[in-house]
4 protein chains.
Amino acid sequence: MTNATRTASGRRRNEEARLAILTAAYELTAEAGYPDLTVEGIAARAGAGKQTVYRWWPTKADILLEALALKADLKVSTADQGSFRAELDTFLRDSATLLAFPGVVPVLRSLMAEAQRDADFRRRFQDGFLTRRRAALETIVDRAAARGDKPPHLTPDLAADVVFGLVWYRVLATERLLEDEDVTAIRRLLTDRSGKE
Amino acid sequence: MTNATRTASGRRRNEEARLAILTAAYELTAEAGYPDLTVEGIAARAGAGKQTVYRWWPTKADILLEALALKADLKVSTADQGSFRAELDTFLRDSATLLAFPGVVPVLRSLMAEAQRDADFRRRFQDGFLTRRRAALETIVDRAAARGDKPPHLTPDLAADVVFGLVWYRVLATERLLEDEDVTAIRRLLTDRSGKE
Amino acid sequence: MTNATRTASGRRRNEEARLAILTAAYELTAEAGYPDLTVEGIAARAGAGKQTVYRWWPTKADILLEALALKADLKVSTADQGSFRAELDTFLRDSATLLAFPGVVPVLRSLMAEAQRDADFRRRFQDGFLTRRRAALETIVDRAAARGDKPPHLTPDLAADVVFGLVWYRVLATERLLEDEDVTAIRRLLTDRSGKE
Amino acid sequence: MTNATRTASGRRRNEEARLAILTAAYELTAEAGYPDLTVEGIAARAGAGKQTVYRWWPTKADILLEALALKADLKVSTADQGSFRAELDTFLRDSATLLAFPGVVPVLRSLMAEAQRDADFRRRFQDGFLTRRRAALETIVDRAAARGDKPPHLTPDLAADVVFGLVWYRVLATERLLEDEDVTAIRRLLTDRSGKE
DNA sequence: AACTAAGCGAGACGGTACGTCACGTCTTAGC
DNA sequence: GCTAAGACGTGACGTACCGTCTCGCTTAGTT
């Protein structure tokens with residue numbers, strides 16, 4: 001009686017080639033930009049054949065999405081620090097650090113741009129990146145709510161929309177990134193109480 | 001007395017062709033999406049030659065940028081209504097209306113995506129669209145400041161980053177657009193006083 | 001009382017422009033070769049508009065055909081010199097001189113090449129150039145026949161085929177042109193008697 | 001022991017596609033003429049991609065040059081027949097037969113025309129066709145010389161110039177091709193003795 | 001130890017769109 | 001009414017990548 005998993009006969013996947021392809025894609029994007037990123041170019045720099053690329057990734061944007069996780073530390077601390085204000089501050093600073101990592105901004109731009117053009121990749125980008133980051137921030141807001149430390153009208157969704165909205169808008173539409181005063185400004189905007197209305 | 005204008009010799013530009021090209025580009029993007037938008041397709045639908053397209057626009061994104069101004073009324077009211085709150089509300093509702101205009105969302109996505117890939121177009125998109133919209137919002141915030149009607153820590157820049165950040169993030173990264181409760185939430189966030197710190 | 005000729009109203013044909021166009025076409029062919037010869041380029045160098053070119057010549061090959069007559073002295077002496085041998089010798093030397101005229105070889109090549117591609121021009125080239133040259137040679141052969149100075153089997157047609165065949169073949173298929181020993185060889189071939197058969 | 005042959009890695013050239021392209025180019029030239037021959041048209045009729053054409057041939061004239069060798073049997077007999085006269089006769093009749101092969105004349109015209117426009121192709125045409133044909137004729141003349149069967153002033157070069165000159169001139173400049181009386185006339189011209197001078 | 005089934009680098013294949021070029025026609029204002 | 005200027009629709013050019021498809025070779029179980 002055969003089990004459900006396919007018999008893994010034949011040669012194994014070459015991990016070396018996988019890393020070479022991820023690195024090549026990341027670096028080429030950082031160096032020359034996404035429009036000049038071609039599967040042929042990736043394969044050439046990685047010393048791999050085109051078929052090896054197509055065997056494992058559906059599009060070059062997916063390579064980049066995986067390469068981002070490999071190259072940049074995507075972890076953002078959501079540890080309990082006792083106050084919403086402190087945790088939000090840490091979250092924002094961690095985000096700023098990530099953006100400062102070499103190559104991250106060009107890659108993020110490329111991924112978001114590709115998500116506009118390819119509906120299938122859009123979903124994978126949302127699942128593999130965007131919603132993960134939202135979840136981290138929502139953890140913080142939920143904890144603040146439990147703690148009674150949250151401004152009345154601030155929902156986790158609104159907080160995420162504002163924070164990520166601002167960060168992405170800065171990345172996509174401007175030349176400025178997150179600086180200290182920006183962190184302060186957003187934190188103040190989201191932590192100030194508003195009792196009226 | 002110097003004569004600055006060059007003698008306008010030769011055949012004049014065909015305004016009919018210009019409009020046909022803008023319309024074709026806009027409609028094709030709305031129908032089939034930017035990746036399937038080709039200069040050849042635009043020219044064919046417009047009944048124009050490829051060369052006529054290339055004579056007047058450097059890239060197809062530039063066609064779309066001009067078509068957006070033609071198709072969607074980009075005016076958003078910044079008229080003095082006596083209070084920051086009322087004017088901000090109007091601004092946000094006008095923006096929501098613009099997004100609801102048929103074809104606007106796909107075109108905006110395409111333009112922002114293209115701005116990530118082409119640094120030259122990025123500048124033209126900023127100058128021809130993004131900064132114009134920021135300027136409108138800044139008018140309102142500046143008037144509120146003059147009126148003494150503005151929250152203490154809200155600068156025009158921060159207001160623009162938050163508003164456009166949220167709107168663009170919704171358009172680019174989610175499937176939700178601006179609804180009434182969103183308008184309320186943002187307006188509340190930006191108009192609530194915060195005296196502490 | 002008006003005369004029979006059509007009232008020559010409006011501006012007359014500009015002879016200056018005609019010569020400028022012929023000269024420009026001839027020179028451009030000599031300099032850069034026929035494939036780089038464009039109507040736009042001719043008009044530009046001549047300081048004329050494209051329409052002026054198209055008004056007077058059906059194709060650029062026709063310009064070149066007319067320019068050849070203007071630039072190179074196409075006259076070849078067929079004067080009676082008393083003997084077939086002397087007249088043939090003169091004819092061949094005149095031909096060699098023509099080929100040595102600057103720019104003539106590139107232009108002849110271009111014209112013959114164009115005659116292969118355009119059946120209409122082919123006819124005009126034959127009428128305006130090829131048959132005129134044949135006629136000159138036939139005059140000589142006919143006079144030799146009348147004089148009883150002609151080899152028995154040499155018809156005017158065969159003489160023309162051999163002479164022009166050799167000259168054109170040299171121009172089109174080799175890098176050699178007509179030299180003195182070639183003139184001698186052909187003249188000997190065509191004047192030697194052959195009584196046998 | 002050196003291994004001169006490079007490792008033949010990768011997919012092999014598709015011989016079927018090669019023949020389809022050669023056939024398509026030849027037929028299209030015969031049908032519609034060289035000016036209407038486009039690489040796109042060749043590829044389309046051959047069921048091939050344009051890149052496949054450009055990968056193997058630098059210009060469409062080179063396709064035609066190769067197709068000519070494929071379509072028409074270019075072998076012209078130079079076998080020893082005991083006399084210069086007989087061998088020359090055979091050579092001329094074989095040449096006439098070649099010209100009568102369907103499509104050969106339009107293709108020859110196209111090749112010679114193209115050789116006038118493209119200096120690089122000119123060389124390839126000379127090496128791949130013209131000098132091969134000269135060599136065949138020179139074989140015959142050289143054998144006649146060894147046999148003492150050659151007219152005194154007839155060099156192999158002169159014979160080739162006269163024969164190919166006449167044939168090409170007929171093809172390029174007239175509507176007549178080689179007929180029996182032409183064969184006789186040329187053979188007589190080249191075999192008659194001339195001892196005088 | 002031989003067999004079998006992937007995975008691998010290489011590279012040719014049928015396609016599609018690119019941006020450029022020149023064509024021949026047309027429209028304009030000026031002489 | 002002819003001129004120079006120059007925009008127009010057209011269509012082929014040669015290039016760049018796409019994603020697929022052989023090739024001969026290597027690698028790793030399975031028999």
Side-chain angles (χ1 to χ4, degrees), chain A residues 6-14 16-18 35-44 46-56 58-60, chain B residues 6-14 16-18 35-41 43-44 46-56 58-60, chain C residues 7-14 16-17 35-41 43-44 46-56 58-60, chain D residues 6-18 35-41 43-44 46-56 58-60:
Chain A
R6 200 163 64 70
T7 307
S9 147
R11 189 174 180 175
R12 291 295 180 285
R13 177 174 187 179
N14 184 349
E16 218 174 314
R18 176 178 161 263
D36 288 358
L37 180 71
T38 66
V39 173
E40 262 152 7
I42 295 168
K50 269 168 49 164
Q51 198 56 254
T52 303
V53 177
Y54 282 112
R55 204 185 329 272
W56 301 109
T59 75
K60 55 192 174 178
Chain B
R6 204 168 63 72
T7 307
S9 142
R11 188 176 178 172
R12 294 292 179 279
R13 178 172 186 180
N14 184 350
E16 222 173 312
R18 177 180 159 261
D36 287 357
L37 180 70
T38 67
V39 173
E40 264 152 6
K50 261 188 354 172
Q51 199 53 253
T52 301
V53 177
Y54 283 111
R55 202 188 326 276
W56 300 108
T59 75
K60 47 193 178 173
Chain C
T7 307
S9 142
R11 194 170 176 176
R12 291 297 180 290
R13 177 171 183 184
N14 186 348
E16 218 173 316
D36 288 358
L37 181 69
T38 66
V39 173
E40 262 150 6
K50 270 167 47 165
Q51 199 54 251
T52 303
V53 178
Y54 282 111
R55 208 186 320 276
W56 302 108
T59 75
K60 54 194 174 176
Chain D
R6 204 169 63 72
T7 306
S9 139
R11 188 176 179 172
R12 294 295 178 277
R13 178 171 184 181
N14 184 350
E15 186 64 14
E16 221 173 311
R18 176 178 161 264
D36 287 357
L37 180 70
T38 67
V39 174
E40 264 152 6
K50 263 193 339 178
Q51 200 54 250
T52 301
V53 177
Y54 283 112
R55 190 176 296 115
W56 300 109
T59 75
K60 44 192 179 172

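Values in this document were obtained by computation on a predicted structure and should not be read as measured data. Below, read A as the first sequence line, B as the second, and so on, with proteins coming before strands; counting in each chain starts at 1.
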Using the side-chain contact (heavy atoms from CB on, under 4.5 Å) criterion, which residues pair with [X]? Sequence neighbours excluded.
X: C:P58; value: C:D62, C:R124
X: B:R55; value: B:Q51, B:T52
X: D:A17; value: D:N14

Sugar-phosphate means primed atoms, P, OP1 and OP2; the rest is base. With that split, encode nucleotides 13-18 of chain E 5' to 3' as B, S or - using protein heavy atoms under 4.0 Å. BSB-BB
Can you name the nearest heavy-atom pair linking C:L37 to C:K60, along with the distance? O-NZ, 2.9 Å
Inter-residue atom distance B:R18.CZ - B:W56.CH2, 0.5 Å rounding: 10.5 Å
Residue list, salt bridge (charged side-chain N to carboxylate O under 4.0 Å, His left out) with C:E40, at least two apart or on another chain: C:K50
Quick one: bend of the helix from E:dA1-F:dT31 to E:dC31-F:dG1 from 5 pairs per end, to 10°? 10°
